[in-house]
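Lettering of chains follows the sequences in order, A, B, ..., and the numbering in each one begins at 1. Nothing here was measured: the structure is a model prediction, and the numbers come from that model.
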Amino acid sequence: MRADIESEPYVDAIWLGQNMPSSLLPVSRIDMHLFSYLACIVSLLKGNAINSWRYRYTINDEGFPFSANFDEALSAAIRGGFFKESLAGKLDFNQRKLSSELEILQSIHGPSAQRFAHLSNSLRAALMLPIGQIRSSISQPVNTKEIYRQLNQRRFSFQDQDEIDSIYNEYRVVYEAFDEDPGELSPLIVWISSRLISINKEFN
Amino acid sequence: MQIDPLKISELYMQSNFILAAYKEFGSKGEKCIGVVVDCVRNVFRAIPPEQINSQVLIRKRINDSDSVMEERGSPFGIDRLRNDLIERFKRNENVLVTITLDGLFLVDSSSEKIQPKDYSTDSIVYHYFHMQEGFFVGESYIPIKKPNEYLVSLFAQPTYSSVETALDRYSDSVAPDCTCKILEDVWLGGKDGKRLILSNKPESIMRNSLDQYLSTVLEQATVKAEQATDESKPVDLRVDWYGSRAVVLIEVKWIGKSVSKSKGIKQNYTNHTASRALEGAYQVIDYVKREKSTLGEKIVKGYLVTFDGRRANLKSEKDELSREDAWHYLDKDISLSSEIESNDDFGGHKRVFLNPRASRTVSNK
């Protein structure tokens, strides 16, 4: 099964399942997409190229981030018995199986400490802020003109370098507002929250 | 998108317990904070914080090796923790939860007050007591500044599956006394003024407040403020649920008196009466019809939310109103026609009465 699944989305899905904080449970598939999307953003904010994440996202008509590759990985994890999906669309995680699967994956693909750090910060952000607010904040386009052009239209996220540069510049404004090294989590939380305020202002 | 630097420092204050943990303990501090917050959230899911009348302390050692050395007792999992705490809180015991190396829990409790600083030198300690919460990190205490007063705890955000329940809570607890930060600016003179006259064009503030509230509390939903894509005015808010055909459109109206741009010395006001609600109801029904005609597969319902800032006998912001006049419209519901109420596209009307400031009214004459 592992041979025909792209590795990065699958590893991310398995890692998220294994490390999901219990207070975020139960999670849905679309929540998992959000956590993985936020981790991708964290990677961009750390200056990594978009291609290094290895899979892309769209923002669907309803404003939810979605990745076809990641969704296939979730389905594979369900088929493999690592996740169980209820009729209500919520995921249950088999921790014992996930733990050994992750070990095997790391032995095949090598350790991914940096990637896992991004996923970890994504989950920590979800502990500190309401998921609905995170979704509202990070699913909006960065460019004001784009807001008007792309409302209610499906679009690829981070399609061009200008968009990536804009989001990086937003983050730098936040990061530089701290007097000294603020670590990883504080600037991320403040950036997400300040984006939400800026979005509300754009719509006035 | 322009990030407002002035807002950053305010937002920073809401997360400065994370910063404190990082400054004191480095990246281990950030990791530890995450573990503690996860436990806090679990506890408050089992027992809402407003029902707890004693101390809650949740502690995690920074260095796992310390945990192995010092912890005794039989730690247990999250399900047993919830049940154990429910019983202790019923007895009003002050509780200390220690998170072990393996992510299990040990619980101590006492009728005497527990001193958090006894535990915070090598740990991060969350502390909650009577609606006040914060973190002890090393020698420091960092109180948590909540983004909105309607939250009892930053880590106990309510969530609702239905719009009706969310709107009920909004009109009962969030909006009336402007406990939502966005809504503070809806009054001329701000939240601490008399709250008699609304600010100029208050509808965008009201819409943003409702937008942010619904974004926070609705499960699996996105909330969008609509923009004009053609010459007609779009509905104010749109709610979509992932994987569902349901769509809710919300039209926001206000009634009362607002300040309008003055010409010369004389202050002008805009007055809106209850008939505006009727207008809003017809509008939202029209939006639903248009939406259904373009998105046939969706199940669309329209709701009207009317922010009611009416006051009796009010002429200008200089007036000193009696309590009777200030609260005259508190229970004056707005009747919509039976034609509207029975329309299948109309989900309902929520009137949100905005309270005047009691201390700025005068005794009845």
Side-chain angles (χ1 to χ4, degrees), chain A residues 21-24 28-31 60-64 89 120-121 123-124 127-133 135-137 139-144 147-148 151-152 166-167 169-171 173-174 177-178 180-187 189-191 193-204, chain B residues 1-5 7-9 11-12 14-16 18-19 21-23 26-27 29-31 33-35 37-42 44-45 78 103 147 154-155 157 159 182 204-205 207-208 211-212 214-227 229 238 240-244 247:
Chain A
S22 58
S23 68
L24 291 178
S28 62
R29 282 177 92 124
I30 203 63
D31 288 338
N60 73 7
D61 295 344
E62 295 149 359
F64 290 87
S120 185
N121 278 324
L123 292 180
R124 280 188 205 133
L127 287 172
M128 305 297 170
L129 292 169
I131 288 180
Q133 281 196 2
R135 186 178 292 122
S136 288
S137 171
S139 303
Q140 298 292 342
V142 286
N143 183 299
T144 308
I147 291 172
Y148 292 94
L151 266 174
N152 290 334
S166 291
I167 209 167
N169 290 335
E170 284 176 19
Y171 182 75
V173 170
V174 169
F178 289 88
E180 48 189 331
D181 174 21
E184 307 261 323
L185 195 52
S186 272
I189 299 295
V190 173
W191 174 74
S193 303
S194 60
R195 236 176 164 258
L196 208 54
I197 291 174
S198 302
I199 289 162
N200 282 332
K201 275 193 177 168
E202 297 280 2
F203 283 114
N204 274 346
Chain B
M1 184 168 298
Q2 292 296 319
I3 299 285
D4 184 350
K7 284 290 179 189
I8 290 172
S9 57
L11 293 168
Y12 152 92
Q14 293 169 16
S15 70
N16 62 352
I18 304 171
L19 196 62
Y22 179 75
K23 281 185 178 172
S27 54
E30 284 189 335
K31 187 177 168 190
I33 275 276
V35 172
V37 168
D38 186 32
C39 182
V40 174
R41 287 165 50 100
N42 271 318
F44 289 157
R45 276 167 84 171
I78 190 69
L154 188 64
F155 308 115
Q157 302 262 9
T159 55
I182 297 173
S204 59
I205 298 172
R207 184 194 60 214
N208 290 344
D211 181 351
Q212 192 184 85
L214 292 175
S215 295
T216 304
V217 304
L218 285 178
E219 292 172 348
Q220 302 291 307
T222 56
V223 182
K224 281 187 274 191
E226 297 287 87
Q227 290 297 297
T229 52
R238 177 196 172 98
D240 288 88
W241 283 263
Y242 181 75
S244 164
V247 174

>> Working to the nearest 0.5 angstrom, can you tell me the gap between B:R41 CZ and B:L154 CG?
In response: 9.5 Å
> For the atom pair CZ (B:F155) and CG (A:L127), what is the distance rounded to the nearest 0.5 Å?
Replying inline: 9.0 Å
>> Looking at chain A, which one of B:V217, B:N42, B:I78 has the largest number of heavy-atom pairs inside 4.5 Å, strictly under?
In response: B:N42
Is it the backbone or the side chain of [X] that comes under 4.5 Å from a heavy atom of chain A, or both, or neither?
{"X": "B:S27", "value": "neither"}
{"X": "B:A21", "value": "neither"}
{"X": "B:Q220", "value": "both"}

Which atoms of [X] approach chain B - backbone, side chain, both or neither, heavy atom under 4.5 Å:
{"X": "A:I189", "result": "side chain"}
{"X": "A:N169", "result": "neither"}
{"X": "A:L24", "result": "both"}

> Which atom names give the shortest non-hydrogen contact between A:P182 and B:E30, and what distance separates them?
Replying inline: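 Distance-wise, the nearest heavy atoms are O-OE2, 4.0 Å.
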> Quick one: salt bridge (charged side-chain N to carboxylate O under 4.0 Å, His left out) partners of A:E184, sequence neighbours excluded?
Replying inline: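 Residues passing salt bridge (charged side-chain N to carboxylate O under 4.0 Å, His left out) with A:E184: A:K46.
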> Residues two or more places apart in sequence or in another chain: which of them pass salt bridge (charged side-chain N to carboxylate O under 4.0 Å, His left out) with A:D31?
Replying inline: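 For A:D31 the salt bridge (charged side-chain N to carboxylate O under 4.0 Å, His left out) partners, ignoring immediate neighbours, are A:R135.
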> For the candidates A:S23, A:S22, A:P21, A:S120, which exhibits the highest count of non-hydrogen atom pairs separated by less than 4.5 Å from chain B?
Replying inline: A:S23
>> Using the rule given for side-chain hydrogen bond (donor to acceptor under 3.5 Å, both in side chains), can you reason through B:Y242 versus A:N60, listing the C-alpha separation, both sets of side-chain angles and the distance that settles it, and then say yes or no?
In response: CA-CA 10 Å; B:Y242 181 75; A:N60 73 7; 5.5 Å; no
